[in-house]
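Source: prediction; values computed, not measured. Values below: all heavy atoms of this structure, side chains included; hydrogens, waters and symmetry mates excluded. Chain A is the first sequence line, chain B the second, and so forth, proteins listed ahead of strands; every chain is numbered from 1.
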Amino acid sequence: MKLKLYNTLGRKKEIFEPLHAPNVGMYVCGPTVYGDGHLGHARPAITFDILFRFLTHLGYKVRYVRNITDVGHLENDADSGEDKIAKKARVDQVEPMEVVQHYLNRYHKAMEELNVLPPSIEPHASGHIIEQIEFTEKIIQAGFAYESEGSVYFDVEKYNNSHHYGILSGRNIDEMLETTRELDGQSEKRRSVDFALWKKASPEHIMRWNSPWSEGFPGWHLECSAMGTKYLGEEFDIHGGGMDLMFPHHECEIAQSTAALGKKTVQYWMHNNMITINGQKMGKSLGNFITLEEFFTGNHPLLTQAFSPMTVRFFILQAHYRSTVDFSSEALQASDKGLSRLMEGYARLQKLKASDTSSIETSGLRAKCEEAMCDDLNTPIVIAHLFDAMKAINLAYDGKANISEIDLNELKSVYQLFIVDLLGLKTENQASGTNEAYKKAIDLLLNMRMEAKQNKDWVTSDKIRNELTAFGFEIKDSKDGFEWKI
RNA sequence: GGUUCGUUAGCCAAGUGGUUAGGCACCGGUCUGCAAAACCGUUUACGGCGGUUCGAAUCCGCCACGAACCUCCA
């Protein structure tokens with residue numbers, strides 16, 4: 001079965017064929033670390049984590065680069081905006097790199113909690129100033145950039161004469177040129193569509209480096225071109241990021257790389273859709289975002305309860321990555337319950353006893369799940385298949401069906417592969433399993449309750465159950481015993 | 001205004017020419033001392049109007065509504 005991925009270039013699903021199998025190069029735009037990560041940041045991280053895991057499963061040797069933007073990302077437009085990191089540093093009265101380190105640590109912690117695997121390389125823009133200067137020089141040499149008062153700008157109109165600026169986003173550059181030509185009065189840029197490769201620093205600008213043109217800093221779009229080619233080569237397989245980065249960021253990246261290298265650098269462009277809240281994009285500028293930490297603690301007016309990192313992950317995976325997914329506390333609660341049931345089924349599967357014959361059909365599950373993954377990472381379909389199979393597990397668990405050893409092992413293997421290895425869902429860290437004495441104490445209490453029940457001493461029986469429930473335990477009676485979890 | 005994409009039941013969300021998607025909730029039943037859990041069954045759909053077709057939620061056209069991007073955003 002062949003993996004098909006939706007390529008934004010061309011806007012259709014294409015069979016994925018790496019340039020240099022078994023090696024795959026993948027670059028994903030990471031965060032600008034000037035604030036806490038929110039639900040929107042979890043989407044690309046999880047989406048491309050799934051792709052990373054699946055490509056690895058298919059036998060590819062993946063080099064996954066996810067950058068950290070810690071310089072050059074300006075607020076407002078490229079002419080007048082302040083660097084986001086520098087602004088935060090000024091406001092908080094700390095070093096810019098303290099801002100970066102603080103939020104990067106928190107980002108890493110959140111990613112770990114979401115069970116997002118770390119990328120192979122996580123380069124910082126500020127650590128690649130030399131590469132970015134060299135990249136700018138290449139673009140100047142190729143004739144697609146000009147210097148103006150110590151800054152360097154990409155000449156979009158000239159580039160568009162021989163190439164296609166707008167190839168990714170579908171933008172019509174001629175119209176943009178028409179509508180903006182008159183508005184440009186005294187700007188140092190020739191056209192307002194031109195974008196900065198290097199910016200001369202104003203006197204109060206803290207983050208600055210030497211360059212052939214001025215003491216300044218690199219433009220935002222440049223880091224991805226420079227670091228992508230440095231670690232993955234002048235041509236590599238996959239570039240991912242949020243849909244909101246398609247224009248101008250990725251469009252500019254394509255222009256820069258094509259201008260400097262004279263070739264198509266990225267083969268497959270992939271974009272995850274947005275998370276919305278009341279139908280609107282969740283984002284910093286709208287101020288309607290909920291940070292990941294707030295999800296994990298439940299400390300936000302829109303949240304009715306805390307949601308575990310795995311619930312957030314499952315919630316995101318229940319929608320296809322190219323669809324918007326609308327946040328609501330109600331939707332997350334549904335995911336929370338669904339996930340519990342799925343993980344319960346997974347736990348029960350481990351306890352099933354094999355019979356001589358099978359009375360349930362489980363074959364084909366692996367193929368169906370793989371087919372869904374191969375169809376542009378259709379995780380909601382994978383999850384639907386896993387839920388289907390769970391009915392069989394529960395029937396067997398209740399003794400209403402039999403399963404042979406071969407089928408049981410296959411089912412265990414498939415569940416392990418898709419739930420744990422590929423979807424990256426893990427059982428929540430529980431006290432159980434770590435502390436034997438503690439578990440035995442609870443078992444003892446519940447055994448006493450069993451005795452009380454046999455003696456029809458409902459007062460004692462209910463007292464034990466109710467008080468344990470009040471402590472946060474969940475007690476379930478089964479046919480010939482009990483189960484509990486916290 | 002331009003570009004791109006949506007609109008599927010109470011909620012979330014797949015599917016994209018013919019066959020029950022799935023989850024959550026609801027309802028009925030089995031089980032239970034009572035619950036919970038589990039299992040079985042069941043209800044509510046494809047924005048509107050045309051067209052193509054033996055057949056359209058799916059393809060085409062028009063309309064309505066909504067979103068993202070065109071400033072920074074994952």
For this session: Select base, sugar-phosphate, or nothing to describe what A:Asp388 touches, counting heavy atoms under 4.0 Å on all strands.
Result: sugar-phosphate

For this session: Look at all strands and tell whether A:Arg348 reaches a base, only sugar-phosphate, or nothing, counting heavy atoms closer than 4.0 Å.
Result: sugar-phosphate

For this session: Please state whether the base of B:G15 and the side chain of A:Asn378 form at least one donor-acceptor pair under 3.5 Å?
Result: no

For this session: Nearest whole angstrom, please: distance from the P of B:A74 to the NE2 of A:His250.
Result: 11 Å

For this session: Please work out if A:Met246 contacts a base, only the sugar-phosphate, or nothing of the nucleic acid, heavy-atom cut-off 4.0 Å.
Result: nothing

Problem set entry | Watson-Crick or G-U counterpart of B:A14, or none if no pair lies under 3.5 Å | none

Exercise. What integer distance in Å separates A:Asn402:CG from B:C39:P?
Worked result: 17 Å

Problem set entry | Rounded interatomic separation in angstrom, taking OH from A:Tyr165 and C1' from B:C69 | 12 Å

Exercise. Which part of the nucleic acid does A:Ile275 contact within heavy-atom distance under 4.0 Å: base, sugar-phosphate only, or nothing?
Worked result: base

Exercise. According to a strict under-4.0 Å criterion, is A:Lys337 in side-chain N/O contact with OP1 or OP2 of B:A25?
Worked result: yes

For this session: Please determine which of A:Arg43, A:Lys281, A:Lys284 meets the salt bridge (charged side-chain N to carboxylate O under 4.0 Å, His left out) test together with A:Asp244.
Result: A:Lys281

For this session: Quick one: look up who B:C39 pairs with, Watson-Crick or G-U, both distances under 3.5 Å, and put none if it's unpaired.
Result: B:G29

Problem set entry | Parallel, tilted or perpendicular: rings of A:Phe195 and A:His221 (30°, 60°) | perpendicular

For this session: Give one of base, sugar-phosphate or nothing for A:Gly40, where a contact means two heavy atoms less than 4.0 Å apart.
Result: base

Problem set entry | B:C31 and B:C24, which share atom name P, separated by this distance in whole Å | 23 Å

Exercise. Which pair of heavy atoms, one from A:Ala45 and one from A:Val116, lies closest together, and at what distance?
Worked result: O-CG1, 3.9 Å

Exercise. Which nucleotide, in any strand shown, forms a Watson-Crick or G-U wobble pair with B:U7, with both distances under 3.5 Å?
Worked result: B:A64

Exercise. In whole Å, what is the span from the CE atom of A:Met343 to the C1' atom of B:G23?
Worked result: 16 Å

For this session: Could you check how far CZ of A:Phe247 sits from C1' of B:C5, rounded to whole Å?
Result: 17 Å

For this session: Could you say whether A:His320 or A:Glu344 is positioned toward the 5' end of RNA chain B, judged by the nucleotide with the nearest heavy atom to each?
Result: A:His320

Problem set entry | Any A:Lys281 side-chain nitrogen or oxygen under 4.0 Å from OP1 or OP2 of B:C69 | yes

Problem set entry | Protein-nucleotide distance (A:Glu330, atom CD; B:A13, atom C1'), rounded to Å | 13 Å

For this session: Using atom CZ of A:Arg322 as one end and atom P of B:G6 as the other, report the distance to the nearest whole Å.
Result: 8 Å

Problem set entry | B:U7 versus B:C60 - spacing of their P atoms, nearest Å | 14 Å

Exercise. Side-chain donor or acceptor of A:Arg341 under 3.5 Å from a matching atom on the base of B:C24?
Worked result: no

Problem set entry | From CD1 (A:Ile442) to CD1 (A:Ile475), nearest 0.5 Å | 7.5 Å

For this session: Mark yes or no for a side-chain to base donor-acceptor pair under 3.5 Å between A:Arg465 and B:A36, with no hydrogen or angle criteria applied.
Result: no

Exercise. If you check every side-chain atom of A:Leu245, which of B:A14, B:A74, B:U4 has the closest atom?
Worked result: B:A74

Exercise. Roughly how far apart, to the nearest Å, are B:U58 and B:U52 at atom P?
Worked result: 15 Å

For this session: Using a 4.0 Å heavy-atom cut-off across all strands, classify A:Asn394 as base, sugar-phosphate, or nothing.
Result: sugar-phosphate

Problem set entry | Residue pair A:Trp269, A:Asn7: steps toward the side chain to side chain contact (heavy atoms under 4.5 Å, CB included) verdict | CA-CA 5 Å; A:Trp269 281 92; A:Asn7 194 346; 3.9 Å; yes

Exercise. So which one's nearest nucleotide on RNA chain B is more toward 5', A:Ser335 or A:Ser328?
Worked result: A:Ser328

For this session: Could you work out the separation of B:G6 and B:A14 based on their C1' atoms and round it to a whole Å?
Result: 15 Å

Problem set entry | Nearest-angstrom distance, C1' atom, B:A68 to B:U16 | 23 Å

Exercise. Is a donor-acceptor contact shorter than 3.5 angstrom present between the side chain of A:Ser323 and the base of B:G6?
Worked result: no

For this session: Look through every strand shown and name the nucleotide pairing with B:A56 as Watson-Crick or G-U wobble, where both distances are under 3.5 Å.
Result: none

Problem set entry | Sugar-phosphate only, base, or nothing, as touched by A:Val325 at under 4.0 Å among non-hydrogen atoms | sugar-phosphate

Problem set entry | B:C46 and B:G18, which share atom name C1', separated by this distance in whole Å | 16 Å

Seminar exercise, completed: When rounded to whole Å, the CD to P distance for the pair A:Gln454 and B:G33 reads 12 Å

Problem set entry | Ring centroids of A:Trp458 and B:G33 base under 5.5 Å with planes under 30° | yes

Exercise. Less than 3.5 Å between a donor and an acceptor, one on the side chain of A:Arg171 and one on the base of B:C69, is that the case here?
Worked result: yes

Seminar exercise, completed: Re B:C46: Watson-Crick or G-U wobble partner, both distances kept under 3.5 Å, found to be none

Seminar exercise, completed: Which of A:Asp376, A:Asn378, A:Asn273, A:Asn272 passes side chain to side chain donor-acceptor pair (under 3.5 Å) with A:Arg322? Answer is A:Asp376

Exercise. Of A:Glu122, A:Glu223, A:His128, which is the lone residue that meets side chain to side chain donor-acceptor pair (under 3.5 Å) with A:Asn67?
Worked result: A:Glu223

For this session: Any strand is fair game: report the nucleotide pairing with B:G1 by Watson-Crick or G-U wobble, both distances under 3.5 Å, or none.
Result: B:C70

Exercise. Taking all non-hydrogen atoms of both residues, which atom of A:Val71 and which atom of A:Pro218 are closest, and how far apart?
Worked result: CG1-CG, 4.4 Å

Problem set entry | Nearest-angstrom distance, C1' atom, B:A9 to B:U44 | 5 Å

Problem set entry | Distance between P atoms of B:G48 and B:U42 (Å, rounded) | 27 Å

For this session: Classify the nucleic acid contact of A:His249 as base, sugar-phosphate or nothing, counting any heavy atom under 4.0 Å across all strands shown.
Result: nothing

